[in-house]
Amino acid sequence: MKRSWFLLLALAHLVLLSACTGSQEPPLPALVAMGGGGEVRFYRAKDLQGGTASPVTTWNTPGLQDLAYSHGFGRLYLLLGDRLEAYPTQGFGGDAAPQPSPTTASLPGGVDCTGGYLQLGQNRLLAHCPRASRAFLWNLDGSGNLEEADLTGLPPEVLLALFPQGGEELLAYMTRQALGYRPPKNPSGTPSLEKPLDPQASQGPYGLKLDRLQGRLLGLAATVSEVRLYTLEGDTLASRKVLGDFPQESRLALDPVGGTVVFGQGFQVLFPRESPVQEPFRTYTAGLVGQDGYLYLVRGQGLEVYDLVPSPPVFLRSQQLNFGPTSLAFIPVE
């Protein structure tokens, strides 16, 4: 029953956006935020698709580690070394992204979140600081104080995400041995589930994402010989090979409507239409699948844009950004 509900939601979203996705016209008005090197640059999505990569706005954000955007809450979240910031995006338009005053939540004293990352849940935001072996939860509306998740028993290489279940935001985790979830403040509480990876990983884990519309978790790790995608759906954990041979560090880019792509040494579209491995001799370090059905991939200080509607995807543009973004977000605007 739950799966049927997820599929109905996915179908509804596809119908709503079918007139403005991928190679179809008109394009979905949006900005693409790119963070890296202590700044956030905002580009018109249509300019990136057309090969004219000139930012409409640049924010100075020293210490930036990651960014994430919640469409439901209309906020752009920044993770810096010592704090979280939430910016309302109601004033964003096609020509500018003015920087309003943020709501700020400071990390506890002594916590250095360098190398940290953000994960969006249904109503909460997760900030994981791997070097400090600590993680924190914040309400997506910017209210309340930070709450610390209990990481007891999880190894240093663990990746975390949020997994909404029955009105709760559970802590999802992936190690080289297992993929599972549990209450964020009670490691022995319920609901919880842990499944051993088959085959076991020897490298990574590289990525962990919530596939919200399908109600499942997607994780990336590698064996000695290949990158594997692990899918936890219900109480079943399946895995498959993705990308090519000779595994390298890899990432997942996912939008519930736009598609799902795994990238690293080359890239491979998994949804909406699965493709063979593309550009296997190129290394991609950051990526974004937009609600518009386009794939934005960072390669060094350059950006490549692909149309995901055809299969295999169609290359549109390659352009120089003159900086190396490490995180991207798609922000629809009026």
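Minimum interatomic distance between G50 and R317 (heavy atoms only, all atoms of both residues): O-NE, 3.0 Å. Nearest approach of S70 to L140, heavy atoms of both residues: OG-CD1, 4.4 Å. Heavy-atom minimum distance, G116 versus Q65: O-CB, 3.8 Å. The minimum heavy-atom distance between G204 and E157, with the atom names listed, is O-CG, 3.9 Å. For the pair T223 and Q200, the tightest heavy-atom approach, listed with the atom from each and the gap, is CG2-O, 3.6 Å. Residues V242 and R228 approach most closely at CG2-C, 4.4 Å, considering heavy atoms.
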Side chains of residues 28-42: which donor-acceptor pairs under 3.5 Å do they make with residues two or more places apart or in other chains?
from, atom 1, to, atom 2, distance (Å)
E39, OE2, R41, NE, 2.6
E39, OE2, R41, NH2, 2.8
R41, NH1, L321, O, 3.0

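Within the 3.5 Å criterion, the main-chain N or O of D198 finds a donor-acceptor partner in the side chain of S239. Although no hydrogens or angles enter the test, the distance criterion places a donor-acceptor pair under 3.5 Å between the side chain of T57 and the main chain of A97.
Every pair passing disulfide bond (SG atoms under 2.5 Å apart) that includes a residue from residues 109-206 is listed here, sequence neighbours excluded: C113-C129. The stretch residues 112-124 participates, sequence neighbours left out, in these salt bridge (charged side-chain N to carboxylate O under 4.0 Å, His left out) pairs: R124-E147. Counting only residues at least two apart or in different chains, salt bridge (charged side-chain N to carboxylate O under 4.0 Å, His left out) contacts with residues 325-334 are absent.
Residues L210 and P164 form a side-chain contact, since some pair of their non-hydrogen atoms from C-beta on lies under 4.5 Å apart. Looking only at side-chain heavy atoms (C-beta outward), F136 and P108 come within less than 4.5 Å of each other. Counting only heavy atoms from C-beta outward, the side chains of Y43 and L303 never approach each other to under 4.5 Å. Contact of the L126 side chain with the L160 side chain is registered, since non-hydrogen atoms from C-beta on lie closer than 4.5 Å. Looking at L171 and D150, their side chains never come closer than 4.5 Å, going by heavy atoms from C-beta outward.
Just one residue in the list D292, V289, L295 forms a side chain to side chain contact (heavy atoms under 4.5 Å, CB included) with D255, and that residue is V289.
Under the 30°/60° scheme for interplanar angles, the aromatic rings of Y284 and F267 are found to stand perpendicular. Between F330 and Y296, the ring-plane angle classifies as tilted under the 30° and 60° cut-offs.
Within the model, atoms CD of E169 and CD of Q119 stand 12.0 Å from one another, a figure rounded to the nearest 0.5 Å. Once rounded to the nearest 0.5 Å, the distance linking OG1 of T283 with CD of E249 reads 10.5 Å. Here E304 contributes atom CD and S318 contributes atom OG; the two are 5.0 Å apart, rounded to the nearest 0.5 Å. Annotation: the span from W59 atom CH2 to L64 atom CG amounts to 10.5 Å, rounded to 0.5 Å.
Applying the ring pair (Phe, Tyr, Trp, His ring centres under 6.0 Å) test to Y77 and every residue at least two apart in sequence or in another chain returns nothing. With sequence neighbours excluded, the residues satisfying salt bridge (Lys or Arg N to Asp or Glu O under 4.0 Å) with E279 are R282.
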